[in-house]
Amino acid sequence: MGKLTMLAEISGLGVEHVVFILASLATLLSAVGVVTSRSPVHSALSLVATLFGVAVLFVAQDAHFLAAVQVIVYAGAIVVLFLFVIMLLGVDRLEDIETEPLVAQRPLALLAGAAFAVLAGLVYALTDRDFGGIVTGAPSQAGVLARSGSQNVTNLATSVFTDYLYAFEITSVLLIIAVVGAVVLARRTPEPDETSP
Amino acid sequence: MTAAVVAPGAYLAVGAALFAIGAFGVLTRRNPLVMFMSVELMLNAVNLTFVTFARSLNDVGGQVIVFFVLVVAAAEVVVGLGIIVALLRRRPGATADDVAELRG
């Protein structure tokens with residue numbers, strides 16, 4: 001116990017560093033697994049691992065409520081929906097990932113992906129490291145972020161239900177539209193001889 | 001003892017890498033479901049970026065945006081999977097390239 005504390009003090013690594021490194025590694029390796037797996041089921045399971053990694057990164061950044069919602073909604077509902085569809089349609093056949101429909105598609109896609117990452121890195125490096133300088137400097141609209149867990153939920157709820165109430169109501173309408181749309185899209189059209197008399 | 005804090009740039013770098021991996025997946029894979037999962041990766045990268053900025057700018061608005069992104073992503077997945085089900089029911093082996101042959 002004493003040795004670990006000395007090691008932490010010497011190397012300057014705190015708990016957050018260790019959590020960050022482990023969670024980031026898990027997230028990025030699982031993300032690579034999502035895009036390179038031959039079987040869609042393996043991709044879905046790697047997606048679950050990625051989402052859990054991102055949830056841990058949320059917790060490390062004091063976004064406790066969002067981490068819980070991420071696990072419940074994303075990993076618990078959306079990925080399950082993906083698996084339902086995979087099993088319903090029987091598309092878990094292995095995809096042929098060797099042939100390229102376009103010439104040099106895969107190297108070009110790698111280039112595009114790397115360009116995105118480099119662009120993001122440039123934006124970070126060229127702007128003021130002290131984030132107070134990048135944006136307009138206007139005071140925060142939505143209120144102060146709270147560090148502890150219960151205060152985080154309180155502040156988030158206060159913001160959503162007072163400042164962003166209109167957006168909240170619109171998203172509830174959006175969810176109803178999505179449900180109706182999905183029912184209509186996935187409905188089997190009746191065969192001509194199945195119509196009721 | 002002061003706690004060592006991870007610089008926000010590190011989280012942004014992870015978000016950028018995640019976004020790049022998702023973009024690579026969307027551009028490369030042909031199975032519509034795996035393309036959809038790569039889009040979800042990109043959405044998660046954006047969420048991570050928003051949460052990072054919420055923490056460094058001390059503004060809970062970043063987390064509010066992530067809340068709404070989660071809701072919209074759920075609605076998008078529902079409709080998108082409905083489309084994929086409708087498509088793959090007619091033509092079981094369809095890939096993203098075959099969708100170009102749809103006629104009104």
Side-chain angles (χ1 to χ4, degrees), chain A residues 12-14 16-17 20 24 27-28 31-32 34-35 40 43-44 47 50-51 54 57-58 61-63 66 69 73 78 81-82 85-86 89 91 95 101 105-106 109-110 112-114 116-117 120-121 124 131 140-145 155-156 159-160 164 167 171 174-175 178 181-182 185-186, chain B residues 3-6 8-14 16-25 27-31 33-34 37-38 40-41 44 47-48 51-61 63-64 66-68 70-75 77-79 81-86 88-89 92 97:
Chain A
L13 284 182
E16 191 180 343
H17 286 273
F20 169 74
S24 309
T27 306
L28 292 176
V32 172
V34 171
V35 302
S43 290
L47 186 63
T50 312
L51 296 172
V54 173
L57 289 173
F58 279 179
Q61 295 185 281
D62 300 324
L66 287 176
V69 172
V73 170
I78 291 181
L81 203 55
F82 270 112
V85 171
I86 290 173
L89 296 175
V91 291
E95 179 182 335
Q105 183 186 22
R106 211 152 302 154
L110 262 176
F116 276 127
Y124 168 64
F131 283 105
S140 71
Q141 298 279 348
V144 175
L145 185 68
N155 276 16
L156 191 60
S159 225
V160 169
Y164 301 104
T171 51
L174 176 72
L175 283 174
L185 281 169
Chain B
V5 178
V6 177
Y11 288 105
L12 296 180
V14 172
L18 200 56
F19 191 84
I21 294 172
F24 174 74
L27 292 171
T28 307
R29 299 298 295 261
R30 283 171 294 140
N31 187 343
L33 283 160
V34 179
M37 287 186 226
S38 307
E40 297 304 317
L41 281 183
N44 268 285
N47 283 352
L48 187 59
V51 167
T52 306
F53 276 113
R55 186 201 205 194
S56 54
L57 295 174
N58 203 24
D59 184 349
V60 83
Q63 298 194 0
V64 173
V66 172
F67 178 80
F68 287 120
L70 275 164
V71 172
V72 173
V77 166
V78 164
V79 174
L81 287 180
I83 292 175
I84 289 177
V85 162
L88 291 178
R89 214 180 244 160
D97 299 322

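Convention: sequence-line order gives letters A, B, ...; per-chain numbering from 1. Computed from heavy atoms alone, side chains included, the values below leave out hydrogens, waters and symmetry copies.
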*Contact winner vs chain A - N44(B), V79(B), V71(B), I84(B), heavy-atom pairs under 4.5 Å*: N44(B)
*A75(B) and L175(A): which non-hydrogen atoms are nearest, and at how many Å?*
CB-CD2, 4.2 Å
*Over all heavy atoms of both residues, which pair between T52(B) and P8(B) is shortest? Give the atoms and the distance, please.*
CG2-O, 3.6 Å
_Can you tell me how far apart CD (Q61(A)) and CD (E16(A)) are? Round to the nearest 0.5 Å._
7.5 Å
*asked:* If you count heavy-atom pairs within less than 4.5 Å of chain B, which of T27(A), L110(A), V32(A) leads?
replied: L110(A)
*Based on non-hydrogen pairs under 4.5 Å, which of I21(B), V85(B), L27(B) is most in contact with chain A?*
I21(B)
*Go through the atoms of T50(A) and report whether side chain, backbone, both or neither lie under 4.5 Å from a heavy atom of chain B.*
side chain
_Contacts of type side-chain contact (heavy atoms from CB on, under 4.5 Å), residue L70(B), not counting sequence neighbours_ = L66(A), V69(A), Q70(A), Y74(A), N47(B), V66(B)
*asked:* Rounded at 0.5 Å granularity, tell me how far CG in L81(B) sits from CG in L81(A).
replied: 5.0 Å
*Where does A13(B) contact chain A at under 4.5 Å (heavy atoms): side chain, backbone, both or neither?*
neither
*Name the option with the most non-hydrogen atom pairs under 4.5 Å to chain B; the candidates are A63(A), S24(A), G181(A), A182(A).*
A63(A)
*Which heavy-atom pair separates A31(A) from L18(B) by the least distance, and what is that distance?*
CB-CD1, 3.5 Å
*Considering only heavy atoms, which portion of L156(A) lies under 4.5 Å from any heavy atom of chain B: side chain, backbone, both, or neither?*
both
*Please look at F67(B) and chain A and tell me whether the side chain, the backbone, both or neither of the residue comes under 4.5 angstrom of a heavy atom of that chain.*
both
